[in-house]
Protein chains: 2
Amino acid sequence: MTKSEYLEKIQVTNKSYECSITTDIAVFGYLDGELKILLTKRNVEALTRCWLLPGGAMNLEETLEDCAIKVLKILTGLNKVHFDQVKIYSNLDRHPIKRVLTVCFYALINPENHLIVLGDSVKGVRWFAVEDLPYNIGFDHSKLIRDALEFLKNNLNDNLIAQELLQEKFTLQELQSIYENILGVRMDRRNFRKRILLQGIFKNTGEKKKGIKGGPFLYKLKK
Amino acid sequence: MTKSEYLEKIQVTNKSYECSITTDIAVFGYLDGELKILLTKRNVEALTRCWLLPGGAMNLEETLEDCAIKVLKILTGLNKVHFDQVKIYSNLDRHPIKRVLTVCFYALINPENHLIVLGDSVKGVRWFAVEDLPYNIGFDHSKLIRDALEFLKNNLNDNLIAQELLQEKFTLQELQSIYENILGVRMDRRNFRKRILLQGIFKNTGEKKKGIKGGPFLYKLKK
DNA sequence: CCAAAAGTGTTACGATTACACCCATGT
DNA sequence: ACATGGGTGTAATCGTAACACTTTTGG
């Protein structure tokens with residue numbers, strides 16, 4: 001049996017339909033007490049009017065995860081960001097010119113810890129509060145953002161927040177207010193502290209943060 | 001700007017890398033008090049020794065979901081099965097001859113309610129207990145099965161079980177034992193009934209099932 | 001009538017929620 | 001000194017888990 005017969009049999013033929021696959025990355029950032037998302041404007045006539053998630057095509061020699069890392073680096077300069085898959089979108093009409101499937105990833109960072117460097121094809125980037133997105137979001141990226149946001153909320157955990165959004169040492173109030181702002185709920189201070197400390201992943205450094213009335217203790221991740 | 005310039009700019013070019021995308025479907029079935037999964041052997045020399053999830057390539061005019069429905073129909077004759085996306089796999093070496101990305105879906109059915117009809121490229125299908133899979137599973141389908149199983153367990157809900165696995169009327173013992181067998185845990189009868197009935201989605205028909213000591217009531221989904 | 005399975009209610013436990021006062025610090 | 005925010009404990013509630021006896025039916 002030849003290779004093409006083989007491929008024919010398993011329904012992956014040389015003639016079979018192939019299409020481009022892109023990744024789009026929903027980078028959430030926590031800034032000024034608000035959850036924001038990073039959107040880009042591209043250097044392309046048809047797209048200059050739309051805000052888009054950073055995204056781009058997957059190549060021969062890379063996995064989707066590699067692609068997401070590469071694309072984000074090229075378009076925004078962002079590096080060393082932790083990713084997770086949200087889902088894949090395959091609607092026929094999601095791109096006006098060519099069929100493109102996209103896999104959406106999400107990440108959460110502290111914008112202050114990362115330098116943004118515009119790529120050649122990028123006219124500009126901006127952080128938008130997720131509660132106040134622009135009206136002109138391109139393709140189906142509004143839906144990608146909604147889905148990614150839901151995914152983020154369902155997968156929030158103390159480790160991620162502490163590692164990505166906070167300094168090495170932080171007060172429990174700082175941790176709590178991030179939760180409250182991202183999830184959009186208010187929590188009782190005593191109950192929050194009890195729950196967080198019960199996990200045993202944080203420890204009190206004994207130091208106090210200066211400049212704040214009350215003199216809150218600074219905590220850090222164990223180990 | 002020409003179309004190709006446009007596509008170039010957004011990094012989806014005519015020359016850009018394209019690859020085949022397949023769907024693989026993890027069809028779980030509940031039979032003889034055990035959770036099973038449907039595997040196929042194909043009519044292809046290199047694959048006849050391996051068990052595989054039913055799967056096949058996506059075409060131009062279909063979404064991934066359409067593709068999964070089509071593939072399952074063609075290979076196994078299965079129809080009207082409820083699907084959900086598990087995840088997408090993009091490792092470079094997951095297929096020996098050609099790069100193929102695959103999106104895994106999962107489904108849960110009652111094998112007794114469905115007729116299996118072998119497709120042309122299929123030599124045979126068989127239900128395997130998920131606790132007793134064959135050693136010769138092809139490609140990376142062992143991992144797909146593991147991931148899909150975890151997904152199934154996390155997404156079990158009473159509606160799905162009642163609709164897919166049970167007759168219109170069923171006893172609470174029948175419902176409970178499905179849970180116990182799929183999740184691999186034993187549950188207290190009184191607590192289980194309390195939890196299930198509290199949801200208010202089932203109602204007692206007043207009829208009793210014959211042929212079983214104790215005379216259990218038959219329940220059905222409301223509406 | 002006996003064995004097997006169904007039906008049922010109460011208590012104990014743990015997790016979560018609600019809630020108020022004193023203490024430390026900055027101004 | 002006083003205003004602001006930090007630190008702490010207890011009681012109430014809810015959901016979950018443990019547990020045993022009576023009733024129904026088939027054989």
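We name chains A, B, ... by the order of the sequence lines, and we start the count at 1 in each one. Given the structure is predicted, the values throughout are model-derived calculations rather than measurements.
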Output a table of donor-acceptor pairs, distance under 3.5 Å, between side-chain atoms of residues 142-150 of chain B and any protein atom two or more places apart or on a different chain; print 'none' if there are none.
residue: B:Lys143; atom: NZ; partner: B:Asp147; partner atom: OD1; Å: 3.2
residue: B:Lys143; atom: NZ; partner: B:Asp147; partner atom: OD2; Å: 3.2
residue: B:Asp147; atom: OD2; partner: B:Tyr89; partner atom: OH; Å: 2.5

Identify all side-chain donor-acceptor contacts of residues 210-220 of chain B below 3.5 Å with residues at least two apart in sequence or on another chain.
none

Table please: side-chain donor-acceptor pairs of residues 123-138 of chain B below 3.5 Å, with sequence neighbours left out.
residue: B:Asn136; atom: ND2; partner: B:Arg49; partner atom: O; Å: 2.5

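Among residues two or more places apart in sequence or in another chain, the ring pair (Phe, Tyr, Trp, His ring centres under 6.0 Å) test is passed with B:Phe202 by B:Phe170. Every residue meeting the salt bridge (Lys or Arg N to Asp or Glu O under 4.0 Å) condition with A:Asp188, not counting sequence neighbours, appears here in chain and number order: A:Arg190. Under the rule for a side chain to side chain donor-acceptor pair (under 3.5 Å), the partners of A:Lys169 that lie at least two apart in sequence or sit in another chain are A:Glu207.
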Reading 5' to 3' through nucleotides 14-21 of chain C, protein heavy-atom contacts under 4.0 Å coded B for base, S for sugar-phosphate only, - for none: ---BBBB-
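Sorted by first and then second residue, the ring-ring contact (aromatic ring centres under 6.0 Å, His included) pairs involving residues 181-200 of chain A (not counting sequence neighbours) are A:Tyr179-A:Phe192. Residue pairs meeting the side chain to side chain donor-acceptor pair (under 3.5 Å) criterion with at least one partner in residues 26-35 of chain B, sequence neighbours excluded, are B:Tyr30-B:Asn181, B:Glu34-B:Lys36. Residue pairs meeting the side chain to side chain donor-acceptor pair (under 3.5 Å) criterion with at least one partner in residues 101-111 of chain B, sequence neighbours excluded, are B:Thr22-B:Thr102, B:Asp24-B:Thr102.
At whole-Å resolution of the value, CZ in A:Arg193 and P in D:dG5 are 15 Å apart. Remark: P of C:dA6 and OH of B:Tyr219 are 12 Å apart, rounded to the nearest angstrom.
Within a heavy-atom distance below 4.0 Å of DNA chain D, the residues of residues 172-185 of chain A found are A:Gln173. In the region residues 209-218 of chain B, proximity to DNA chain C at under 4.0 angstrom, judged on heavy atoms, holds for B:Lys213, B:Gly214, B:Pro216, B:Phe217.
What you find for B:Ala68 and B:Phe105 is that their closest heavy atoms are CB-CD1, 3.9 Å.
Phosphate contact (OP1/OP2 of D:dT25, side-chain N/O of B:Lys208, threshold under 4.0 Å): present.
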